[in-house]
Every structure is written in C-alpha cells, then in structure tokens.
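Notes follow the structure.
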Amino acid sequence: MTEAVVIDGKALALELRQGVGRAAAGLKADHGVIPGLAVVLVGEDEASRIYVRSKGKSAEEAGLRSFHHGLPEDTAEEDLLALVHDLNGAPDVNGILVQLPLPPGISPSAVIGAIDPAKDVDGFHVVNAGRLATGGPGALVPCTPQGCLMLLKHHLGTLSGLNALVIGRSNIVGKPLAALLLGEHCTVTVAHSRTRDLPAVSARADILVAATGRARMVKGDWIKPGATVIDVGINRVPDGDRTRLVGDVDFGSAVKVAGAITPVPGGVGPMTIACLLRNTLIAAARQHGLEDPEI
Ligand code: GUN
C-alpha cells in the first residue's frame with residue numbers, strides 16, 4: 001500500500017512569511033507604514049513563553065515591529081484591561097495578541113472583549129467571530145483555522161462538496177474552522193467528546209481535522225482511505241527519559257491509510273504563526289484605509 005503524502009507545513013509557512021515580508025516592504029515604501037504587533041504574556045507558562053518568543057521573532061524577520069509585554073502571574077484583571085486599553089490607542093500597534101490561557105482569576109472573554117476588533121489579530125472578538133459566522137466581509141480570521149484551510153486548499157485545490165469532519169469544538173479552532181469549511185462549500189460535521197461512534201463518523205470524512213488536545217487519539221483504522229488529515233494537536237509525551245511532541249492523530253497508523261497528512265511538528269504549527277503575521281499586515285493596511293494586501 002502507498003503511504004500518504006506528508007504535507008509540508010514548514011515550507012508553505014515559509015512561502016507565506018516571505019509573501020508577508022514583501023507586502024510589508026511595499027507598505028513601508030509606498031505609505032510609510034510599518035505594521036506593529038503587540039504580544040502580551042501573563043505569567044510564566046513555559047510553552048506559552050516559547051510560542052510568544054517565536055511570534056515576536058517571526059514578526060521582526062518579516063519586517064514588522066514587535067512589542068512584548070510580560071506581566072506577572074498575579075496581575076489583576078483590571079491592570080491587564082488597562083494595558084489592552086493603552087494598546088488599543090497606540091498608533092504604532094496594529095495588532096494585539098493576548099496569549100491564552102490566562103491565569104485563574106482573569107476572565108478571557110473580558111480581555112478578548114476589550115481588544116479593539118480592528119486590532120484583534122487572533123480573530124477571537126465576538127465581532128470578528130460574528131463576521132466569520134455570517135460570511136460577511138472584514139473578519140480577522142483566527143490563525144490556526146486559517147492555516148488549516150490554506151494547507152487543505154494547497155493540497156486539494158477546491159474543497160467544494162467534500163465531507164469535512166472537525167473533531168473539537170473550541171472557539172479557537174473547531175468552531176471557526178467549521179465556518180471556514182462551510183464557506184468553501186464542504187458538508188461539515190463537528191464532533192466532540194460526546195459524539196457517539198467517532199470511528200463511524202470519521203469513516204465518511206474526505207477531510208478530517210483533529211483538534212482534540214488528546215495525544216494520538218485518532219487511529220488509522222478510523223480514517224477513510226485516501227482522506228486528507230490535518231493534525232492540529234501539539235501534545236508533549238514521555239519518550240524514554242525525555243519528552244517529544246505528538247499530534248492528536250496516531251501518525252504511524254494514519255500515514256498508511258490517509259491520502260495526505262500533516263506531521264507534528266512541522267504541519268499546522270508553522271502556519272499559525274505565518275497567519276498571525278498576515279493578519280497583522282491586513283489589520284495595519286485597513287487601519288490606514290488601504291486595500292487588503294495580496295499575499
Ligand atoms: N494559545 C494557544 N493558541 C493560541 C492562539 O492562537 N492565540 C492566543 N492568543 N493564545 C493561544
């Protein structure tokens with residue numbers, strides 16, 4: 001049996017970041033605008049620190065400005081809200097990202113709701129979620145689902161009429177991705193922890209996206225032969241006396257059945273960051289009354 005094509009998210013993300021870099025250079029040359037991204041990290045969570053550092057570094061490599069705000073774990077909600085308010089009013093900040101999860105005692109919905117929707121480069125504000133859900137123009141689209149969609153279109157071309165299964169119903173991935181896939185004319189199923197007979201549901205899916213947060217949960221024998229599998233999971237599991245990253249899909253069995261599959265690492269993860277840079281560029285252009293750049 002032939003093995004699945006392994007979709008190279010790193011390569012596609014590099015292309016996208018280079019496109020953002022070219023568009024950012026054009027924005028600076030033609031309009032004197034340098035897009036600025038503010039990243040806010042509350043607390044000391046190691047994984048979050050690594051993501052945030054990587055977001056800032058990638059922004060600078062693409063010619064954007066990056067502003068880092070590190071706040072202590074015991075920050076009061078009102079102090080975080082005051083920072084968000086300042087960033088909303090800062091002219092050199094075009095995008096604001098508050099890294100999640102936030103420490104207990106701070107309401108994520110209050111913080112996300114305080115971000116100016118025009119600077120909400122995560123696309124989590126209800127205004128952007130509503131625009132996406134209603135198919136209206138002007139949404140800033142959440143980065144991980146946007147990255148998944150780009151990977152799917154890169155591999156499959158048109159998605160129209162395909163059965164797409166999204167496993168996971170989070171506001172960050174599952175729900176916005178379902179909206180994007182509907183927009184591409186897929187027949188969309190959203191499965192979750194209470195779904196009955198997930199293997200039978202999976203067997204009908206031409207596209208299967210796993211965003212469950214459970215290491216290697218989706219098994220090869222659930223997958224429709226030839227299906228395109230997108231693995232959003234990033235799970236750290238023990239490996240001898242060290243640890244390693246694995247996805248929500250059991251790659252070893254899935255690669256024997258799927259037509260194409262994203263690896264972990266090197267699949268969706270790099271696309272998420274590239275899409276964040278793209279959103280920051282789009283947000284900056286819109287804030288200056290310019291057309292969305294072609295990237
Ligand atoms: N934590 C995990 N993923 C994300 C993301 O896409 N954005 C933010 N702000 N926090 C996250």
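All values reported here derive from a predicted model rather than from experimental measurement. Position 1 is the first residue of the sequence; numbering continues from there. As a basis for the values below, the full set of heavy atoms in this structure was taken, side chains included, without hydrogen atoms, waters or symmetry mates. Atoms within each ligand, like the ligands themselves, are counted from 1 in listed order.
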According to a hydrophobic-cluster definition based on side-chain heavy atoms being under 4.5 Å apart (Ile, Leu, Val, Met, Phe, Trp, Tyr only), do Val188 and Val218 belong together? no
Name the one of Ile234, Val39, Leu97 that satisfies side-chain contact (heavy atoms from CB on, under 4.5 Å) with Tyr51? Ile234
Euclidean distance, Leu100 CG relative to Asp45 CG, rounded to 0.5 Å: 11.0 Å
What pairs meet the salt bridge (charged side-chain N to carboxylate O under 4.0 Å, His left out) rule with one or both residues in residues 15-25, with sequence neighbours excluded? Arg17-Glu61
Minimum heavy-atom separation for Val121 to Cys143, with atom names? O-SG, 3.5 Å
Contacts table for ligand 1: protein N or O within a distance under 3.5 Å of ligand N or O, distances only.
unit_1	atom_1	unit_2	atom_2	d
ligand 1	1 (N)	Gln99	NE2	3.3
ligand 1	1 (N)	Leu100	O	2.9
ligand 1	7 (N)	Asp122	OD1	2.9
ligand 1	7 (N)	Asp122	OD2	3.4
ligand 1	9 (N)	Val98	O	2.8
ligand 1	9 (N)	Asp122	OD2	2.6
ligand 1	10 (N)	Leu100	N	3.0

Tell me which one of Leu81, Val42, Val40 satisfies side-chain contact (heavy atoms from CB on, under 4.5 Å) with Val111. Leu81
